**Q** 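One structure, pasted below without further comment.
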Amino acid sequence: MFNKRTKIKELLQSAKTDIPCTVMGWVRTFRNNQFIALNDGSTNNNIQVVVALGAFPDETLKRITTGACIKASGTLIASVGKGQTVELKADEIEILGDSDAEKFPLQPKKHSLEFLREIAHLRFRTNTFGAVFRVRHALAFAIHEFFNRKGFVYLHTPIITASDAEGAGEMFKVTTLPLDGTAPKNEDGSINFKEDFFGRSTNLTVSGQLEGELAAMAFSDIYTFGPTFRAENSNTARHLAEFWMIEPEMAFYDLEDNMNLAEEFIRHIIKYALTHNREDLEFLAQRLEEEEKQKPQQDRSEMGLIEKLEFVVNNDFERVTYTEAIEILRESNHNKKKKFQYLIEGWGIDLQSEHERYLVEKHFKKPVILSNYPKEIKAFYMRQNDDGKTVAAMDILAPGIGEIVGGSQREERLDKLMERMNEMHIPAEELDWYLDTRRFGACKHAGFGLGFERLVLFVTGMTNIRDVIPFPRFPKSASF
RNA sequence: UCCUCCUUAGCUCAGUUGGUUAGAGCAUCUGACUGUUAAUCAGAGGGUCGCCCGUUCAAGUCGGGCAGGGGGAGCCA
């Protein structure tokens, strides 16, 4: 058996000293030909491996370079120096994998996030990305834990979908037909997808919601958590072509039930990270604080990262209707002094980023749930309100991120739904299977979608979505 | 896709009104030192100035195009 070692996280918490132990990990720095800062990813903290002078041949010492993988065995002792409580006095050191220091791109110094993005395959070995991806893991785990505890069924919706009528954005085509112009054609010159692998045209999913609704009509409460693909040419710090989405769908829920669940859900997973990933979050908070020092005073956030997360956990989200929000914005000094690029004049327009930011960051200074939007700016499946103008939709806006959740009560009345689909030119025959939920035992139901990476952004305090997914896909980029 | 800024050593950046051989800090290598904390000290190596075209006696520097990146916007999660 090879893996007879103790993880560094466990060793650093050890109450006992003067015990024999073995560690394996990657060298962060080798100081003074004596002190190895070793990391194995179990925690952001390194263990200091002490190499007694003259105890090892120069040949071995030369191979202890930044990035090298080593195994060290010895005794865990109370640290002689300051800066750590315990350290490993090494009796044996084995180089498991060499790392040419001249070629290894990570140096014992601060690197820019832009540079690290170019070497995303190695950035896990930095403090920042170590913390980010451990937090990402914890959030994913907390999500499953939350829904499992509430009796939700985790539903795997398809990644390859036949439907192209979900209306959630541009889709990536999936085909095995040749791309050199020799694909079989119909008489009118279009591609004959009957000859394709699935016997029809297929795409990568843009949302599992419609399939989720089907399952909610049997299990009552379900959620999906999987990858989603959008072929939009979006070049922003908040969009990815491949991202992960959580989509719960609940029978017998109205819009308010939906908002209550979404709020409880966000609170719970943040609380989970605060208790289980305290060290990582503290590291990220410090990183953010240092970054903010570079900014002019008025651009700095009022709260530190931990403070902000605790605030979200301990305070109710503000709930306002679209109509109330428009009123607040129209009456704001910001609007009167014409500081918005798009001034608020009337009811019915979609809110711009600047408006959402004003509501969340300036007016309420906390997460906001906006509800009951004009039907013209929302999707066909959202339940039409009795006023004839609005639908039972809700978005949760988070400070610094913008829209983090989008959800609605669904239109369960077949006639109303088909009427709306007709108005929006959505072909009913393609969604016949979806309409069956309304034909056979329909009921009030609701759900929402939460962009996982946006949640990770919010919790880690990172600002670019490409830095919170291990291998980001975006226009003109699919490396690794 | 639009607006805007940027691209000089492995990394982060200086580089004057266009003018000899393009600089610094960190990193790397060599040596010294040895309880260090991104160790310290001394020395060395390291450049097709993003790419193409143009203006000019002369371009890192001026102009145009392209590519890549940052910030903002749209689409959205």
Side-chain angles (χ1 to χ4, degrees), chain A residues 28-38 45-54 61-62 65-67 77 79-84 87 89 99-119 126-127 166-170 206-209 227-247 262 294-295 299 340-342 350-357 377-379 395-398 401-407 448-458 463-469 474-477 479:
Chain A
R28 287 288 173 83
T29 62
F30 184 26
R31 285 184 294 270
N32 231 353
N33 252 1
Q34 272 185 98
F35 306 104
I36 304 168
L38 196 70
N45 299 314
N46 305 319
I47 193 157
Q48 174 153 283
V49 177
V50 183
V51 179
L53 285 170
L61 297 183
K62 271 191 171 19
T65 54
T66 302
I77 58 167
S79 180
V80 177
K82 288 174 187 161
Q84 57 278 315
E87 60 191 18
K89 203 172 113 214
S99 174
D100 185 338
E102 277 193 79
K103 291 182 182 144
F104 187 59
L106 292 173
Q107 303 153 358
K109 59 168 284 193
K110 192 171 160 55
H111 289 294
S112 66
L113 294 175
E114 290 82 11
F115 170 67
L116 293 171
R117 212 171 290 149
E118 290 169 19
I119 51 162
T126 64
N127 288 331
E166 286 157 30
E170 286 297 308
V206 293
S207 163
Q209 181 201 313
T228 304
F229 308 88
R230 306 264 169 100
E232 306 283 351
N233 191 11
S234 295
N235 293 287
T236 82
R238 299 180 306 281
H239 291 85
L240 289 165
E242 178 183 291
F243 65 99
W244 288 64
M245 192 152 61
I246 297 101
E247 295 180 291
Q294 315 295 318
K295 292 190 196 165
D299 293 347
F340 287 128
Q341 201 185 336
Y342 294 90
D350 207 352
L351 298 179
Q352 305 285 319
S353 297
E354 57 175 346
H355 304 135
E356 296 181 348
R357 272 214 308 277
I377 58 173
K378 288 291 177 183
D395 285 357
I396 301 185
L397 310 177
I401 313 289
E403 186 178 343
I404 193 165
V405 163
F448 61 85
L450 175 134
F452 186 51
E453 282 74 18
R454 290 196 179 167
L455 177 77
V456 182
L457 275 182
F458 183 73
T463 48
N464 193 314
I465 202 162
R466 297 167 188 180
D467 293 332
V468 297
I469 188 167
F474 50 93
K476 300 281 182 295
S477 178
S479 307

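By convention in this document, chain letters (A, B, ...) are assigned in the order of the sequence lines, proteins followed by strands, and residues within each chain are numbered from 1. Remember, predicted model here, so these are calculated numbers, not experimental data.
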**Q** Mind calculating the distance between NE2 (His111(A)) and P (G70(B)) to the nearest angstrom?
**A** 18 Å
**Q** Give the rounded distance in Å between these two atoms: NZ of Lys378(A) and P of C75(B).
**A** 11 Å
**Q** Report yes or no: is the cationic atom of Arg466(A) (NZ for Lys, CZ for Arg) under 6.0 Å from the centre of the six-membered ring of Phe474(A), at an angle within 45° of the ring normal?
**A** yes
**Q** Looking only at side-chain N and O atoms, does Arg31(A) offer a donor or acceptor that is under 3.5 Å from a partner on Thr29(A)?
**A**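 There is such a pair between these side chains.
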**Q** Is it the case that Ser207(A) and Glu247(A) place a side-chain donor and acceptor less than 3.5 Å from each other?
**A** yes
**Q** Nearest-Å distance, NZ (Lys89(A)) to C1' (U36(B))?
**A** 17 Å
**Q** Specify the residue among Gln48(A) and Asn233(A) whose closest nucleotide of RNA chain B lies further upstream toward the 5′ end.
**A**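 Checking each residue's closest nucleotide, the 5'-ward one belongs to Asn233(A).
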**Q** Using a 4.0 Å heavy-atom cut-off across all strands, classify Phe243(A) as base, sugar-phosphate, or nothing.
**A** base
**Q** Are Ser112(A) and U12(B) close enough that a side-chain N or O sits under 4.0 Å from OP1 or OP2?
**A**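 The answer is yes; a side-chain N or O of Ser112(A) sits under 4.0 Å from OP1 or OP2.
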**Q** C76(B), G70(B), A39(B): which one has an atom nearest the side-chain heavy atoms of Thr29(A)?
**A**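 That would be A39(B).
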**Q** Would one find a side-chain N or O of Ser353(A) under 4.0 angstrom from OP1 or OP2 of G72(B)?
**A** no
**Q** For U36(B), does either OP1 or OP2 sit under 4.0 Å from a side-chain N or O belonging to Arg31(A)?
**A**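 Answer no for this pair, as no side-chain N or O of Arg31(A) is under 4.0 Å from OP1 or OP2.
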**Q** Should Leu106(A) and His111(A) count as side-chain neighbours, where that means a heavy-atom distance under 4.5 Å?
**A**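 Leu106(A) vs His111(A): side chains touch.
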**Q** Determine the contact category for Ser234(A): base if any of its heavy atoms lies under 4.0 Å from a base atom, sugar-phosphate if only primed atoms, P, OP1 or OP2 are that close, otherwise nothing.
**A** base
**Q** Establish, yes or no, whether a centroid distance under 6.0 Å links the rings of Phe340(A) and His355(A).
**A** yes
**Q** Any side-chain N or O of Thr236(A) below 4.0 angstrom from OP1/OP2 of G74(B)?
**A** no
**Q** Which part of the nucleic acid, if any, lies within reach of Ile404(A) when heavy atoms closer than 4.0 Å are counted: base, sugar-phosphate only, or nothing?
**A** sugar-phosphate
**Q** Just the rounded figure in Å: distance from P of G10(B) to CZ of Phe115(A).
**A**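 Distance check: Phe115(A) CZ to G10(B) P gives 10 Å.
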**Q** With respect to the phosphate group of G72(B), does any side-chain polar atom (N or O) of Arg238(A) fall under 4.0 Å of OP1 or OP2?
**A** no
**Q** Rounded to the Å, how far apart are Lys103(A) NZ and G10(B) C1'?
**A** 13 Å
**Q** Let me know the distance between CZ of Arg357(A) and C1' of A73(B), rounded to the nearest Å.
**A** 10 Å
**Q** Say whether Asn464(A) and Arg238(A), considering side chains only, have a donor N or O and an acceptor N or O under 3.5 Å apart.
**A** no
**Q** Do the charged groups of Asp350(A) and Lys378(A) touch, with an N to O distance under 4.0 Å?
**A** no
**Q** For RNA chain B, what are the stems built from at least three Watson-Crick or G-U pairs in a row, each pair having both distances below 3.5 Å?
**A** B:1-7 with B:67-73, B:10-13 with B:23-26, B:28-32 with B:40-44, B:50-54 with B:62-66
**Q** Touch check for Glu87(A), heavy atoms < 4.0 angstrom, all strands: base, sugar-phosphate only, or nothing?
**A**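 Base contact - Glu87(A) has a heavy atom under 4.0 Å of at least one base atom.
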**Q** How close or far is atom P of G35(B) from atom CD1 of Ile36(A), stated in whole angstroms?
**A** 17 Å
**Q** Answer with base, sugar-phosphate or nothing: what part of the nucleic acid does Asn235(A) contact at a heavy-atom distance below 4.0 Å?
**A** base
**Q** What are the atom names and distances for every N/O pair under 3.5 Å that joins the protein to nucleotides 25-33 of chain B?
**A**
from	atom 1	to	atom 2	distance (Å)
C26(B)	O2	Lys109(A)	NZ	3.3

**Q** Given atom CG of Leu113(A) and atom P of C11(B), what is their separation to the nearest angstrom?
**A** 15 Å
**Q** Gln84(A) near the nucleic acid: base, sugar-phosphate alone, or nothing, with a heavy-atom cut-off under 4.0 Å?
**A** base
**Q** Pick the closest RNA chain B nucleotide for Phe474(A) and for Leu450(A) by heavy atoms, then say which residue is nearer the 5' end.
**A** Phe474(A)
**Q** Restricting to nitrogen or oxygen on both sides, can you table the protein-nucleotides 47-52 of chain B pairs closer than 3.5 Å?
**A**
none

**Q** So, does Arg117(A) get its side chain near the phosphate of G70(B), meaning an N or O under 4.0 Å from OP1 or OP2?
**A** yes
